[in-house]
Undergrad: 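Structure below; questions to follow.
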Amino acid sequence: MNEIRLNLEYFWESNSNIESNINSINWNIEHNRDKKIILELPVSYFNSKIFEKIVDLDAIEFESRDGHRYKPNDILRENIKFENMINNIKNSTLSLFEKFISIYSFVTNYKPYKLGDNNFCDIGRSPYLFLNDDYINCVGICQFLCILCRQVGINIAMLADEENEHAICYFYIKDDKYGIDGYFSTDPTNDTKSDVNSESKYHNMIRRITVNNDFEKFLNSNTQLSYPKDIVNISL
């Protein structure tokens, strides 16, 4: 079967562009019935609702830079793995902050960090790569933290710093048990285990945003958070 490639690149990173990309995919499906539509595997996590808008899932496949192909059903099966990873945390009586710490511990101890080079830039980057890769990179770590935190109701987003080629997360959390109500940043990459560090260190777990940036609401949050160190030892 002949193939046609659509280069959507990083448009999937912006929710405002998802609709236009879906329209482009559907147009190509309708006008290229004799061809398989090949899309670059995005960094983003695919919500199943995205696939519901595509007219023919059998007509498309995703391809990572190493040439590995994923069908939509492959991705939906991987989504189930994410949904089941932290059932014990979701269904626990832990407060929201305690759930965050438990998830953070799980993410930063999941797989060792490795910075990809030009030949292996996709190592651990996409959610559908780091599940099977031996390593995970900064974008993968932040994506992983966002995917799991959203399952327990934490409003969190990844921010890619293109200048420094690094990714961190911003999130809002309210927890009456610890008097927390504000916006915070976290850099899970620096805490993730590696070939040098065998386990997470938690040094960069959570912090106030103190630099001048576009996120003014972060600067208007409550006082500096201090957290009980023993929370990181929560065992489920």
Undergrad: Once you round to the nearest 0.5 Å, how far does CD1 of Ile103 lie from CD1 of Ile147?
TA: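 It comes to 11.5 Å.
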
Undergrad: If hydrophobic clusters are built from ILVMFWY residues whose side chains come within less than 4.5 Å, do Trp27 and Phe51 share one?
TA: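 Unlinked, Trp27 and Phe51 end up in two clusters.
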
Undergrad: If you look at every heavy atom in Val107 and Ile141, which pair is closest and at what distance?
TA: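 Shortest heavy-atom separation between Val107 and Ile141 comes out as CG1-O, 3.8 Å.
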
Undergrad: For a quick test of reading the model, state the closest non-hydrogen atom pair linking Met158 to Cys146 and the distance between them.
TA: N-SG, 3.6 Å

Undergrad: Just do the side-chain contact (heavy atoms from CB on, under 4.5 Å) check on Cys169 and Leu159 with the steps written out, would you?
TA: CA-CA 6 Å; Cys169 291; Leu159 176 68; over 6 Å; no

Undergrad: With the threshold set at 4.0 Å, does a side-chain nitrogen-carboxylate oxygen contact exist between Glu3 and Lys36?
TA: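 Salt bridge absent between Glu3 and Lys36.
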
Undergrad: For the backbone of Lys53 and the side chain of Asn26, can you confirm whether one donor and one acceptor N or O come within less than 3.5 Å of each other?
TA: yes

Undergrad: Looking at Asn2, is its backbone amide N or carbonyl O close enough to the side chain of Lys35 to form a donor-acceptor pair, meaning the two atoms are under 3.5 Å apart?
TA: no

Undergrad: Does Met85 reach the side chain of Leu131, with side-chain heavy atoms less than 4.5 Å apart?
TA: yes

Undergrad: Do Tyr135 and Tyr113 come within less than 4.5 Å of each other through their side chains, counting heavy atoms only?
TA: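 No. Closest side-chain heavy atoms not under 4.5 Å.
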
Undergrad: Can you check whether Ile136's main-chain N or O pairs, donor with acceptor, with Lys114's side chain at less than 3.5 Å?
TA: no

Undergrad: Looking at Arg5 and Glu40, does any basic side-chain N land under 4.0 Å from a carboxylate oxygen?
TA: no

Undergrad: Please step through side-chain contact (heavy atoms from CB on, under 4.5 Å) for the pair Tyr128 and Phe62, ending with a clear verdict.
TA: CA-CA 10 Å; Tyr128 308 104; Phe62 296 90; over 6 Å; no

Undergrad: I'd like to know whether the aromatic ring centres of Phe184 and Tyr170 sit less than 6.0 Å apart in this structure.
TA: no

Undergrad: Minimum heavy-atom separation for Glu83 and Asn87, please, with both atom names.
TA: O-OD1, 3.2 Å

Undergrad: For a quick test of reading the model, state the closest non-hydrogen atom pair linking Ser64 to Tyr70 and the distance between them.
TA: OG-CE1, 4.4 Å

Undergrad: Determine, step by step, whether Leu96 and Lys177 satisfy the side-chain contact (heavy atoms from CB on, under 4.5 Å) criterion, reporting the C-alpha distance in whole Å, the side-chain angles of both residues, the deciding distance to 0.1 Å, and the verdict.
TA: CA-CA 9 Å; Leu96 199 58; Lys177 182 175 181 179; over 6 Å; no

Undergrad: How close do Ile37 and Ile29 get, heavy atom to heavy atom, and via which atoms?
TA: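 The answer is CG1-CG1, 4.0 Å.
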
Undergrad: Are the side chains of Leu41 and Glu63 in contact, using a 4.5 Å heavy-atom criterion?
TA: no

Undergrad: Taking the side chain as everything from C-beta on, heavy atoms only, tell me whether Ile168 gets closer than 4.5 Å to Thr186.
TA: no

Undergrad: CD1/Ile89 to CD/Gln151 distance, rounded to the nearest 0.5 angstrom?
TA: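 Going from CD1 on Ile89 over to CD on Gln151, the span is 9.5 Å.
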
Undergrad: Work out which heavy atom in Ile154 is nearest to a heavy atom in Tyr172; give both atom names and the distance.
TA: CG2-O, 3.9 Å

Undergrad: Taking C-beta and beyond as the side chain, do Leu76 and Ser48 meet within less than 4.5 Å on heavy atoms?
TA: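 Yes, close enough: below the 4.5 Å cut-off.
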
Undergrad: Look up atom CG in Asn137 and atom NZ in Lys111, then write down how far apart they are to the nearest 0.5 Å.
TA: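 It is 12.0 Å, given to the nearest 0.5 Å.
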
Undergrad: Quick one: does Arg69's side chain get under 4.5 Å of Ile38's, heavy atoms only?
TA: yes

Undergrad: Is the number of heavy atoms from other residues, nucleotides or ligands within 6.0 Å of CG (Asp134) greater than 12?
TA: no

Undergrad: Quick one: do Val55 and Glu30 satisfy side-chain contact (heavy atoms from CB on, under 4.5 Å)? Show the steps, please.
TA: CA-CA 8 Å; Val55 295; Glu30 294 287 354; 4.0 Å; yes

Undergrad: Do the non-hydrogen side-chain atoms of Leu94 and Ser102 ever get within less than 4.5 Å of each other?
TA: yes

Undergrad: I'd like to know if the side chain of Asn79 reaches the main chain of Phe46, judged simply by a donor and an acceptor atom lying under 3.5 Å from each other, with no hydrogens or angles considered.
TA: yes

Undergrad: Let me confirm one number: the CZ-CZ distance from Arg150 to Phe82, rounded to the nearest 0.5 Å.
TA: 12.0 Å

Undergrad: CG/Leu39 to CG/Leu6 distance, rounded to the nearest 0.5 angstrom?
TA: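 Output value for this atom pair is 5.5 Å.
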
Undergrad: Before accepting this row, confirm whether a basic side-chain N of the pair Lys49/Glu52 lies closer than 4.0 Å to the acidic partner's carboxylate O.
TA: no

Undergrad: Judged by modelled atom types alone, do Ser95 and Asp175 share a side-chain donor-acceptor pair under 3.5 Å?
TA: yes

Undergrad: Measure the shortest side-chain to side-chain distance between Tyr104 and Lys99 over non-hydrogen atoms and say whether it is less than 4.5 angstrom.
TA: no

Undergrad: What distance do Gln143 atom CD and Phe130 atom CZ have between them, rounded to the nearest 0.5 Å?
TA: 7.0 Å

Undergrad: Before accepting this row, confirm whether a basic side-chain N of the pair Arg77/Asp74 lies closer than 4.0 Å to the acidic partner's carboxylate O.
TA: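 Yes, Arg77 and Asp74 are salt-bridged.
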
Undergrad: Less than 6.0 Å separating the ring centroids of Phe100 and Phe171?
TA: yes

Undergrad: Do Asp187 and His166 meet the criterion of a side-chain donor-acceptor pair at a distance under 3.5 Å?
TA: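 Result is yes, a qualifying pair exists.
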
